[in-house]
Amino acid sequence: MTLKTEEFYINMGPQHPSMHGVLRLLVKLDGEYIVDCEPVIGYLHRSIEKMAEGKHFGQFIPVTDRLDYVTSMSANYVFVLAVERLADIVPTPRGDYIRVLMVELNRIASHLLWFGTNTLELGATTPFLYAFQEREKILDMFEATCGQRLTYNYLRLGGVAYDLPKTVSFAWTDGVMPFEKACEKFLNEMIPVLDMCEELVSENAIFLKRTRGVGVLPRDLAVDAGCSGPVIRACGVKYDVRKAVPYSIYSELDFDIPTRENGDSWDRYKIRMDEIRESTKICHQVLAKMPKGAFKQVLPNRIWVPPGEVYSRIENSRGDMGTYLVADGSEKSYRCKFRTPSFSNLCVMPYLLKGALVADLIAIGASLDFVLPEIDR
Amino acid sequence: MTRSEILKALGDKFPGVEIKEDDTNPEALIVPADNLVELASHLKDDPALSFKYNMVITAADWVEHVDVIYYFMSYEHGHTVALKVQLPNERMKVHTLAGVWRSANWFEREVYDLFGVIFEGHPDLRRIMMPADWDGHPLRKGYQHPNFVPLPGKDNPASKTGMGHHTI
């Protein structure tokens, strides 16, 4: 005689302690196994795209911070890039270099935060503390540069809001140091900590069991569903907007795009770890080449942009981020749409969860590294 | 391939279809809404074009009509193109691309939710951002929030944008 169990629905979220933000997953269960799942989004919808139509371009930059609070610099960047392309504004060389430095530091901070919370969800507390210790140093540097730790509002049309501080003094610097020296010190000291973190978890039997072969995403599905960033690079697609459509100074920089073949949680973890190393390479080069001069072009506060349409793209820590901007000749955007990587990366959740255990739900979700404010906008 | 080369490739394959370059957008081709699916499928399946990646689908409201714009990219060749369909207010319908690209499913739901464009044949056309019982489509230019109270002053700029003072 076979025992038949009854299928039933549960709600994971929107207020779930280990869900990243307010995502609701409507999960159909057969005992411990997931039969089907439907992501329900929109709980964080703040009508950012509608707000863009009511504010002039400079006023709207702080709102873009709220798109993705983990990598606010990139969110600033993609909007500023779109306006600059339409208005034919060229940032000053120093401003351009500072932007890239900040965006890459922000990418490291984002991946460290992901690493910390991901291991925490798999039951390891120690790596979380190490990762946050390092992330804290990046936030210190951001705070010294632009006064903010999370929502930076740092990029401006034609450059950045403030120059880099001449000297800084933190708990982890040797007294008062020039900013560039402090940054180099951080980058050099972070790599050994990163190696140690990887050593702690990579060969750990529990970590391997929870990640290797779990949440396998086939390459064709990932391409078809519009996934990007580490998620698609873990499936063997060597694509990075920084290399494919170089913006800013990325064409002059030497860095690699890490790729892996299996597309499981383990590969996504490894890709992010490798990306931190590539980002430190970029930061070293940018610091070495940093030009002198003005950090920002002198422009009026309000800019009347000629009519036209543009789609600007950058690679943020989660993938391909874009802004579709329509201007009608006024000082406000006529239509401003943000294409956010988490939105498309979340689409594949139902596929990944089919047949998985409930215990793996959070782990698989975490390996996709989505951020809800970016999805809901 | 550049936009004009892609236009030529499409023109050779579909001689009867009127396709033209968009003056305002350097990447876009304006195509008739009725032929969208066959053009898009050809863009995806032809090995010389191979647009496997649907970056984004979005829309812009021009009061008399709504533009729906589709951005595609090819991993193989690295080129980008955008297709644009112009839908008049009285016929805000276009066939879905959810059968061609999986990513189109959620993008089209978002456009439906915020602009009210109907995607015919879509497997699951429901609201995605707004609550299910919401009235209207908020990104339309004529949309006004039910609790919207205009600010005093006839020419107050905040009254015109629809982003004025809200009361609960």
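Letters go in sequence order (proteins before strands), and every chain restarts at 1. We use all heavy atoms of the structure for the numbers below, so side chains are in, but hydrogens, waters and symmetry mates are not. Quantities reported herein were computed from a predicted structural model and do not represent experimental measurements.
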(message) For the interface with chain A, which of B:Asp61, B:Asn54, B:Asp22, B:Asp23 has the highest count of heavy-atom pairs at distances below 4.5 Å?
(response) B:Asp61
(message) Looking at A:Asp224 and B:Lys44, is there a salt bridge between them, counting it only when a charged N and a carboxylate O are closer than 4.0 Å?
(response) yes
(message) Which heavy atom of B:Ser103 sits nearest to which heavy atom of A:Gly226, and what is that distance?
(response) CB-N, 3.9 Å
(message) At a 4.5 Å cut-off on heavy atoms, which part of B:Tyr71 comes close to chain A: side chain, backbone, both, or neither?
(response) side chain
(message) If you count heavy-atom pairs within less than 4.5 Å of chain B, which of A:Leu221, A:Asp328, A:Leu44 leads?
(response) A:Leu221
(message) Counting only non-hydrogen atoms closer than 4.5 Å, does B:Ala82 touch chain A with its backbone (N, CA, C, O), its side chain (CB onward), both, or neither?
(response) neither
(request) Establish, yes or no, whether the cationic atom of A:Lys50 lies under 6.0 Å from the six-membered ring centre of B:Tyr143 and within 45° of the ring axis. (result) no
(request) Find out whether A:Arg46 and B:Met129 are in side-chain contact, i.e. whether some heavy atom of one side chain is under 4.5 Å from a heavy atom of the other. (result) no
(request) Look at A:Val326, A:Asp220, A:Asp320 and state which one has the largest set of heavy-atom pairs under 4.5 Å with chain B. (result) A:Asp320
(request) Count the heavy atoms of every other residue, nucleotide or ligand shown that sit under 6.0 Å from CZ of B:Arg102, and state whether that count exceeds 12. (result) no
(request) Output yes when a side-chain donor or acceptor of B:Tyr53 lies under 3.5 Å from a complementary backbone atom of A:Cys227, and no otherwise. (result) no
(request) Output yes when B:Arg126 and A:Glu38 qualify as a salt bridge under the 4.0 Å nitrogen-oxygen rule, no when they do not. (result) yes
(message) Would you compute the distance between atom OG of A:Ser47 and atom CG of B:Leu114 and round it to the nearest 0.5 angstrom?
(response) 9.5 Å
(request) Pick whichever of B:Glu27, B:Glu110, B:Met130 has the most heavy-atom pairs under 4.5 Å with chain A. (result) B:Glu110
(request) Could you verify whether a donor N or O on one side chain and an acceptor N or O on the other, from A:Arg335 and B:Thr58, lie under 3.5 Å apart? (result) yes
(message) Once rounded to the nearest 0.5 Å, what's the spacing between atom NE2 of A:His45 and atom CG of B:Asp113?
(response) 7.0 Å
